[in-house]
Amino acid sequence: MSKTTELTEITTETPTPDLPAESEPAEYVSSNDTIEYGFERESWLEGYDAYYKLYRRRRTILFVVLFLVLALLFVQQVAVDPSYGVGWTCLAICLAVAVIYAFAPKYERRNVERALPAIENDRYVLKIFQDKITVRTIIPEDDAQYLEPDESGNPIPYPEIPETTIDLSDKTLKTAETEKMFGVFTKYTQCIIPKQDLSEEQLCLLRESVIRN
(Lines give C-alpha, C1' and ligand atoms only; values in the text may rest on other atoms or scores of the structure.)
Protein backbone atom coordinates (compact mmCIF):
# COMPACT_ATOMS: atom_id res chain seq x y z
CA MET A 1 0.00 0.00 0.00
CA SER A 2 1.49 3.33 -1.03
CA LYS A 3 2.00 6.06 1.48
CA THR A 4 0.50 9.47 0.94
CA THR A 5 2.25 12.52 2.28
CA GLU A 6 0.71 15.96 2.54
CA LEU A 7 3.05 18.92 2.99
CA THR A 8 1.25 22.15 3.78
CA GLU A 9 2.88 25.52 4.26
CA ILE A 10 1.07 27.68 6.78
CA THR A 11 0.78 31.43 6.32
CA THR A 12 -0.72 33.98 8.65
CA GLU A 13 -4.19 34.95 7.52
CA THR A 14 -7.09 36.93 8.84
CA PRO A 15 -9.33 34.71 11.07
CA THR A 16 -12.38 33.37 9.30
CA PRO A 17 -15.81 34.75 10.26
CA ASP A 18 -16.75 31.60 12.17
CA LEU A 19 -13.62 31.94 14.32
CA PRO A 20 -13.50 35.65 15.22
CA ALA A 21 -10.25 36.64 16.89
CA GLU A 22 -11.93 38.99 19.36
CA SER A 23 -14.02 36.18 20.89
CA GLU A 24 -11.19 33.68 21.40
CA PRO A 25 -9.96 33.05 24.95
CA ALA A 26 -6.35 33.67 25.94
CA GLU A 27 -5.72 29.92 25.99
CA TYR A 28 -7.22 27.44 23.58
CA VAL A 29 -9.29 25.38 26.00
CA SER A 30 -10.57 21.91 25.09
CA SER A 31 -10.93 18.52 26.70
CA ASN A 32 -8.19 17.38 24.32
CA ASP A 33 -5.82 20.35 24.54
CA THR A 34 -3.25 18.21 26.41
CA ILE A 35 -2.03 15.17 24.48
CA GLU A 36 0.33 12.51 25.78
CA TYR A 37 2.04 10.31 23.23
CA GLY A 38 4.97 7.95 22.92
CA PHE A 39 7.68 6.94 20.49
CA GLU A 40 7.07 5.14 17.20
CA ARG A 41 10.11 4.52 15.01
CA GLU A 42 8.55 4.75 11.56
CA SER A 43 6.69 7.92 12.50
CA TRP A 44 9.92 9.63 13.54
CA LEU A 45 11.68 8.59 10.34
CA GLU A 46 8.78 9.83 8.23
CA GLY A 47 8.85 13.06 10.23
CA TYR A 48 12.55 13.50 9.58
CA ASP A 49 12.01 12.89 5.85
CA ALA A 50 9.20 15.45 5.79
CA TYR A 51 11.31 18.04 7.63
CA TYR A 52 14.16 17.54 5.16
CA LYS A 53 11.85 17.92 2.15
CA LEU A 54 10.23 21.06 3.56
CA TYR A 55 13.33 22.94 4.68
CA ARG A 56 16.55 21.48 3.29
CA ARG A 57 16.10 19.56 0.04
CA ARG A 58 15.93 22.64 -2.17
CA ARG A 59 19.13 24.03 -0.63
CA THR A 60 20.91 20.70 -1.07
CA ILE A 61 19.92 20.49 -4.74
CA LEU A 62 21.05 24.08 -5.29
CA PHE A 63 24.51 23.45 -3.85
CA VAL A 64 24.96 20.18 -5.78
CA VAL A 65 24.06 21.88 -9.07
CA LEU A 66 26.25 24.89 -8.28
CA PHE A 67 29.39 22.84 -7.62
CA LEU A 68 28.75 20.59 -10.61
CA VAL A 69 28.56 23.67 -12.83
CA LEU A 70 31.82 24.94 -11.35
CA ALA A 71 33.35 21.52 -11.97
CA LEU A 72 32.33 21.71 -15.64
CA LEU A 73 34.05 25.08 -15.94
CA PHE A 74 37.29 23.63 -14.62
CA VAL A 75 36.89 20.62 -16.94
CA GLN A 76 36.94 23.06 -19.85
CA GLN A 77 40.09 24.72 -18.51
CA VAL A 78 42.06 21.50 -17.99
CA ALA A 79 40.89 20.24 -21.39
CA VAL A 80 42.48 23.28 -22.99
CA ASP A 81 45.60 23.09 -20.81
CA PRO A 82 46.12 19.66 -19.18
CA SER A 83 49.17 21.02 -17.33
CA TYR A 84 47.00 23.53 -15.43
CA GLY A 85 47.50 22.08 -11.93
CA VAL A 86 45.24 24.56 -10.13
CA GLY A 87 42.42 23.64 -12.48
CA TRP A 88 42.74 19.94 -11.61
CA THR A 89 42.78 20.79 -7.90
CA CYS A 90 39.70 22.99 -8.15
CA LEU A 91 37.93 20.36 -10.24
CA ALA A 92 38.58 17.72 -7.58
CA ILE A 93 37.36 20.04 -4.81
CA CYS A 94 34.14 20.92 -6.66
CA LEU A 95 33.35 17.27 -7.36
CA ALA A 96 34.09 16.32 -3.75
CA VAL A 97 31.82 19.03 -2.36
CA ALA A 98 29.00 18.07 -4.76
CA VAL A 99 29.26 14.42 -3.67
CA ILE A 100 29.29 15.38 0.02
CA TYR A 101 26.14 17.50 -0.36
CA ALA A 102 24.43 14.78 -2.41
CA PHE A 103 25.06 12.00 0.11
CA ALA A 104 24.84 14.05 3.33
CA PRO A 105 21.04 13.49 3.74
CA LYS A 106 21.45 9.69 3.63
CA TYR A 107 24.32 9.85 6.11
CA GLU A 108 22.35 12.09 8.45
CA ARG A 109 19.25 9.89 8.23
CA ARG A 110 21.34 6.86 9.12
CA ASN A 111 22.63 8.70 12.19
CA VAL A 112 19.05 9.54 13.16
CA GLU A 113 18.11 5.86 12.91
CA ARG A 114 21.04 4.91 15.14
CA ALA A 115 20.01 7.46 17.78
CA LEU A 116 16.34 6.43 17.94
CA PRO A 117 16.76 3.41 20.30
CA ALA A 118 17.95 5.80 23.03
CA ILE A 119 14.54 7.53 23.12
CA GLU A 120 12.23 4.59 22.41
CA ASN A 121 10.86 4.61 25.99
CA ASP A 122 10.40 8.37 26.27
CA ARG A 123 6.94 9.88 26.39
CA TYR A 124 5.82 13.39 25.52
CA VAL A 125 3.17 15.80 26.76
CA LEU A 126 1.92 18.26 24.16
CA LYS A 127 -0.17 21.29 25.11
CA ILE A 128 -2.07 23.40 22.62
CA PHE A 129 -2.51 27.11 23.26
CA GLN A 130 -4.01 29.81 21.12
CA ASP A 131 -0.66 31.00 19.78
CA LYS A 132 1.76 28.15 20.46
CA ILE A 133 2.32 24.44 20.99
CA THR A 134 4.60 23.19 23.76
CA VAL A 135 6.13 19.71 24.07
CA ARG A 136 7.65 18.34 27.28
CA THR A 137 9.70 15.13 27.36
CA ILE A 138 9.09 12.58 30.11
CA ILE A 139 12.18 10.43 30.61
CA PRO A 140 11.62 6.93 32.04
CA GLU A 141 13.11 6.28 35.47
CA ASP A 142 15.11 3.37 34.07
CA ASP A 143 17.33 5.84 32.23
CA ALA A 144 18.83 6.91 35.57
CA GLN A 145 20.89 3.72 35.61
CA TYR A 146 23.07 5.17 32.86
CA LEU A 147 24.19 8.08 35.07
CA GLU A 148 27.22 7.84 37.32
CA PRO A 149 26.68 8.55 41.05
CA ASP A 150 28.20 11.69 42.58
CA GLU A 151 31.18 11.74 44.95
CA SER A 152 28.95 10.79 47.90
CA GLY A 153 27.50 7.82 46.07
CA ASN A 154 24.10 9.43 45.56
CA PRO A 155 22.48 8.94 42.14
CA ILE A 156 22.68 11.95 39.89
CA PRO A 157 19.22 13.03 38.69
CA TYR A 158 18.76 12.87 34.95
CA PRO A 159 19.05 16.37 33.46
CA GLU A 160 15.67 17.78 32.51
CA ILE A 161 15.17 18.24 28.78
CA PRO A 162 14.09 21.81 27.95
CA GLU A 163 10.50 22.18 26.82
CA THR A 164 10.08 22.70 23.09
CA THR A 165 7.89 25.63 22.05
CA ILE A 166 6.49 26.03 18.55
CA ASP A 167 5.25 29.53 17.83
CA LEU A 168 2.14 29.19 15.66
CA SER A 169 2.72 32.67 14.23
CA ASP A 170 6.20 31.73 12.97
CA LYS A 171 6.49 32.58 9.27
CA THR A 172 8.38 29.33 8.62
CA LEU A 173 5.65 27.16 10.17
CA LYS A 174 4.72 24.12 8.07
CA THR A 175 2.96 20.81 8.64
CA ALA A 176 3.30 17.32 7.23
CA GLU A 177 0.88 14.43 7.51
CA THR A 178 1.23 10.79 6.49
CA GLU A 179 -0.66 7.62 7.37
CA LYS A 180 1.51 7.20 10.47
CA MET A 181 2.31 10.67 11.78
CA PHE A 182 1.32 14.31 12.04
CA GLY A 183 4.19 16.81 12.14
CA VAL A 184 4.36 20.49 13.02
CA PHE A 185 7.63 22.16 12.09
CA THR A 186 9.41 25.48 11.97
CA LYS A 187 12.87 26.03 10.53
CA TYR A 188 14.49 25.19 13.89
CA THR A 189 11.90 23.05 15.72
CA GLN A 190 10.21 19.72 15.11
CA CYS A 191 7.12 18.11 16.65
CA ILE A 192 6.45 14.60 15.33
CA ILE A 193 3.35 12.88 16.72
CA PRO A 194 2.51 9.24 15.93
CA LYS A 195 -1.11 8.95 14.87
CA GLN A 196 -1.46 5.69 16.78
CA ASP A 197 -1.58 7.74 20.00
CA LEU A 198 -4.08 10.29 18.70
CA SER A 199 -7.84 10.16 18.76
CA GLU A 200 -9.68 11.64 15.79
CA GLU A 201 -10.74 14.58 17.98
CA GLN A 202 -7.14 15.31 18.98
CA LEU A 203 -5.96 15.09 15.38
CA CYS A 204 -8.64 17.53 14.27
CA LEU A 205 -7.71 19.84 17.15
CA LEU A 206 -4.08 19.86 16.04
CA ARG A 207 -5.04 20.69 12.46
CA GLU A 208 -7.38 23.47 13.57
CA SER A 209 -4.85 24.97 15.99
CA VAL A 210 -2.41 25.45 13.11
CA ILE A 211 -4.97 26.63 10.54
CA ARG A 212 -6.48 29.22 12.88
CA ASN A 213 -3.08 30.92 13.16
Side-chain angles (χ1 to χ4, degrees), residues 5-59 108 112 115-116 118-140 143 157-213:
T5 304
E6 299 177 3
L7 304 180
T8 308
E9 183 171 357
I10 306 301
T11 57
T12 303
E13 300 179 351
T14 304
T16 53
D18 58 327
L19 292 173
E22 60 273 14
S23 64
E24 294 175 349
E27 182 174 321
Y28 190 56
V29 179
S30 166
S31 59
N32 291 314
D33 64 352
T34 297
I35 303 171
E36 183 173 339
Y37 60 95
F39 171 86
E40 202 277 318
R41 182 178 182 276
E42 292 303 317
S43 297
W44 277 70
L45 291 176
E46 287 185 3
Y48 167 79
D49 292 339
Y51 179 83
Y52 172 76
K53 291 176 183 178
L54 288 169
Y55 294 96
R56 299 174 59 183
R57 183 169 63 178
R58 183 180 300 177
R59 184 171 180 266
E108 185 174 293
V112 170
L116 290 180
I119 62 172
E120 62 184 3
N121 294 319
D122 291 357
R123 294 196 63 79
Y124 305 88
V125 176
L126 178 146
K127 292 187 177 182
I128 303 173
F129 299 88
Q130 180 186 359
D131 58 349
K132 65 181 180 180
I133 291 175
T134 64
V135 181
R136 180 170 59 89
T137 302
I138 303 174
I139 302 173
D143 280 0
Y158 203 94
E160 184 175 348
I161 299 177
E163 185 177 73
T164 299
T165 300
I166 296 180
D167 184 356
L168 295 178
S169 63
D170 193 314
K171 298 296 184 182
T172 66
L173 183 72
K174 299 178 183 180
T175 65
E177 184 172 353
T178 68
E179 294 178 1
K180 289 182 175 293
M181 71 89 196
F182 183 86
V184 183
F185 309 104
T186 67
K187 189 174 182 179
Y188 301 108
T189 57
Q190 301 180 39
C191 177
I192 302 167
I193 311 164
K195 282 187 176 180
Q196 66 180 20
D197 289 341
L198 293 176
S199 66
E200 188 60 35
E201 292 78 10
Q202 290 171 331
L203 183 57
C204 290
L205 177 61
L206 277 169
R207 292 182 183 133
E208 292 172 0
S209 66
V210 177
I211 293 173
R212 63 195 272 133
N213 284 275

Discussion item. Looking at every non-hydrogen atom in both residues, tell me the closest pair between Tyr51 and Phe185 and how far apart they are.
Written reply: CD1-CD2, 3.8 Å
Worksheet item: Roughly how far, to the nearest 0.5 Å, is CG of Leu205 from CD1 of Ile35?
Response: 6.0 Å
Worksheet, complete the sentence: Result for side-chain hydrogen bond (donor to acceptor under 3.5 Å, both in side chains) between Lys195 and one of Glu179, Glu40, Glu177 points to Glu177
Discussion item. With rounding to the nearest 0.5 angstrom, report the NZ to NZ distance, Lys187 to Lys171.
Written reply: 15.5 Å
Worksheet item: Lys127 versus Glu163: any side-chain heavy-atom pair under 4.5 Å?
Response: no
Item to complete: Keeping the roles fixed (side chain from Thr172, backbone from Thr186), state whether a donor-acceptor pair exists under 3.5 Å.
Response: no
Item to complete: Mind listing the closest non-hydrogen atom pair of Leu206 and Ile193 along with its distance?
Response: CD1-CD1, 3.6 Å
Discussion item. For Tyr48 and Tyr52, take the angle between the two ring planes, folded into 0 to 90°, and tell me which bin it lands in: parallel under 30, tilted 30 to 60, perpendicular over 60.
Written reply: parallel
Practice prompt. Could you pull out the closest heavy-atom pair between Phe182 and Arg207, with the gap in Å?
Written response: CE1-CG, 3.8 Å
Discussion item. How close do Asp167 and Ser169 get, counting heavy atoms only, and between which atoms?
Written reply: OD1-OG, 2.7 Å
Fill in: Set of residues satisfying ring pair (Phe, Tyr, Trp, His ring centres under 6.0 Å) with respect to Tyr37, sequence neighbours excluded
Tyr124
Item to complete: Determine yes or no for a side-chain-to-main-chain donor-acceptor pair under 3.5 angstrom, with Lys174 supplying the side chain and Leu54 the backbone.
Response: yes
Practice prompt. Answer yes or no: is there a side-chain heavy-atom contact under 4.5 Å between Phe39 and Leu116?
Written response: yes
Worksheet item: How long is the span from the CD atom in Gln130 to the CG atom in Asp33, to the nearest 0.5 Å?
Response: 12.5 Å
Worksheet item: Minimum heavy-atom separation for Ile128 to Ser209, with atom names?
Response: CG2-CB, 3.5 Å
Worksheet item: Do Arg136 and Thr134 touch side chain to side chain, with heavy atoms closer than 4.5 Å?
Response: no
Discussion item. Measuring from atom CD of Gln190 to atom CH2 of Trp44, what distance do you get when rounded to the nearest 0.5 angstrom?
Written reply: 8.0 Å
Fill in: Ile166 versus Cys191, closest heavy-atom pair with distance
CD1-CB, 3.4 Å
Worksheet item: Got a second to check how far Ile192's CD1 is from Leu45's CG, nearest 0.5 Å?
Response: 8.5 Å
Worksheet item: Out of curiosity, Leu198 CG to Leu126 CG, how far, rounded to the nearest 0.5 Å?
Response: 8.5 Å
